[in-house]
Amino acid sequence: QVQLVESGGGLVQAGDSLRLSCAASGRTFSSRTMGWFRQAPGKEREFVAAIDWSGGSTYYADSVKGRFTITRDNAVNTLYLQMNGLKPEDTANYYCAAQKRAYYTGTYYRQLSEYGYWGHGTQVTVSS
């Protein structure tokens with residue numbers, strides 16, 4: 001079982017940076033591929049980034065590649081998302097999630113169905 005709590009969201013201006021954190025409880029964080037997703041009002045939840053259990057492999061949506069960086073610290077059970085060069089279109093509620101299967105990433109890491117544990121989200125608003 002993994003419980004996830006996001007923090008670090010806020011209201012910023014275009015071009016600013018934010019770092020989101022996701023604190024995990026439970027003993028399985030270090031064995032799970034983790035992901036960040038986001039959902040804007042009226043839109044479906046979409047993949048943002050993922051990182052495998054060791055932190056050795058990362059994956060990004062094209063829309064954030066080069067601007068966002070996903071990292072993790074297994075020693076403190078925390079996932080991060082560094083967001084630079086924020087744009088108004090990045091405005092959304094950001095969720096962290098843990099994959100259902102331990103020590104597994106697979107090829108469907110962009111799909112919500114691969115993730116069995118979700119946080120409640122943190123709001124990011126970017127003004128123009």
Side-chain angles (χ1 to χ4, degrees):
Q1 189 77 8
V2 180
Q3 294 178 322
L4 306 170
V5 179
E6 303 93 337
S7 62
L11 172 63
V12 297
Q13 293 187 332
D16 285 351
S17 298
L18 275 177
R19 188 176 81 155
L20 305 184
S21 298
C22 173
S25 62
R27 297 179 295 175
T28 60
F29 173 81
S30 60
S31 66
R32 306 281 172 164
T33 289
M34 300 292 296
W36 285 100
F37 291 77
R38 66 186 182 186
Q39 187 167 18
K43 294 188 176 181
E44 294 186 349
R45 194 170 298 189
E46 65 176 7
F47 170 77
V48 175
I51 186 168
D52 75 357
W53 60 91
S54 70
S57 296
T58 56
Y59 312 88
Y60 296 94
D62 289 343
S63 59
V64 306
K65 200 172 294 183
R67 299 189 297 123
F68 291 10
T69 303
I70 186 171
T71 57
R72 66 190 298 161
D73 186 339
N74 287 344
V76 294
N77 282 2
T78 304
L79 177 72
Y80 303 100
L81 185 68
Q82 178 67 42
M83 305 186 294
N84 299 329
L86 283 162
K87 304 176 181 180
E89 51 264 44
D90 294 319
T91 294
N93 204 11
Y94 283 71
Y95 300 87
C96 68
Q99 281 207 358
K100 297 174 185 177
R101 296 169 60 177
Y103 301 111
Y104 178 82
T105 298
T107 57
Y108 300 104
Y109 52 84
R110 296 173 182 266
Q111 295 186 5
L112 278 70
S113 59
E114 291 294 294
Y115 297 82
Y117 308 96
W118 292 85
H120 293 293
T122 184
Q123 178 67 35
V124 173
T125 303
V126 185
S127 64
S128 57

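In what follows, every heavy atom counts, from backbone to side chain, and hydrogens, waters and symmetry copies are set aside.
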Under the side-chain contact (heavy atoms from CB on, under 4.5 Å) criterion, do Leu18 and Phe68 qualify, and how do the steps go?
-> CA-CA 10 Å; Leu18 275 177; Phe68 291 10; over 6 Å; no
Non-hydrogen side-chain atoms of Tyr95 and Glu6 separated by less than 4.5 Å |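 Heavy-atom side-chain distance check passes, below 4.5 Å.
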For the residue pair [X] and [Y], what are the closest heavy atoms and their distance?
{"X": "Tyr117", "Y": "Val2", "value": "CD2-O, 3.5 Å"}
{"X": "Tyr109", "Y": "Ala50", "value": "CD1-CB, 4.3 Å"}
{"X": "Leu4", "Y": "Ala24", "value": "CD2-CB, 3.6 Å"}
{"X": "Ala40", "Y": "Ala92", "value": "N-CB, 3.8 Å"}
{"X": "Cys96", "Y": "Leu79", "value": "CB-CD2, 3.9 Å"}

Aromatic centroids of Tyr59 and Phe47 separated by under 6.0 Å |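 Not under 6.0 Å, so no.
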Using modelled atom types only, decide if a donor and an acceptor are shared between the side chain of [X] and the backbone of [Y] within a distance under 3.5 Å.
{"X": "Thr91", "Y": "Val126", "value": "yes"}
{"X": "Arg67", "Y": "Gly85", "value": "yes"}
{"X": "Asn74", "Y": "Asn77", "value": "no"}

Under 3.5 Å side-chain donor-acceptor pair for Ser25 and Gln3 =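 The criterion, which ignores hydrogens and geometry beyond distance, is satisfied for Gln3 and Ser25.
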Under 3.5 Å, is there a donor-acceptor pair linking the side chains of Thr105 and Thr33?
->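 Yes.
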To the nearest 0.5 angstrom, please state how far the [atom1] atom of [X] sits from the [atom2] atom of [Y].
{"X": "Asn93", "Y": "Lys43", "atom1": "CG", "atom2": "NZ", "value": "14.5 Å"}
{"X": "Arg110", "Y": "Tyr108", "atom1": "CZ", "atom2": "OH", "value": "13.0 Å"}
{"X": "Leu20", "Y": "Gln82", "atom1": "CG", "atom2": "CD", "value": "9.0 Å"}
{"X": "Trp53", "Y": "Ser31", "atom1": "CH2", "atom2": "OG", "value": "9.5 Å"}

Counting heavy atoms not belonging to Gln123, are there more than 12 under 6.0 Å from its CD?
->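 It does: Gln123 CD has more than 12 such atoms within range.
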Do Asp90 and Lys87 meet the salt-bridge criterion of a basic N to acidic O distance under 4.0 Å?
->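 No, no charged N to carboxylate O under 4.0 Å.
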Answer yes or no: is there an ion pair linking Lys100 with Glu114, defined by an N-O contact shorter than 4.0 Å?
->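 Not counted as a salt bridge, because no side-chain N and carboxylate O are separated by less than 4.0 Å.
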Passes side-chain hydrogen bond (donor to acceptor under 3.5 Å, both in side chains), Ser17 versus Asn84? Steps please.
-> CA-CA 4 Å; Ser17 298; Asn84 299 329; 2.9 Å; yes
Test log, rule side-chain contact (heavy atoms from CB on, under 4.5 Å), inputs Phe29 and Arg72 = CA-CA 10 Å; Phe29 173 81; Arg72 66 190 298 161; 3.5 Å; yes
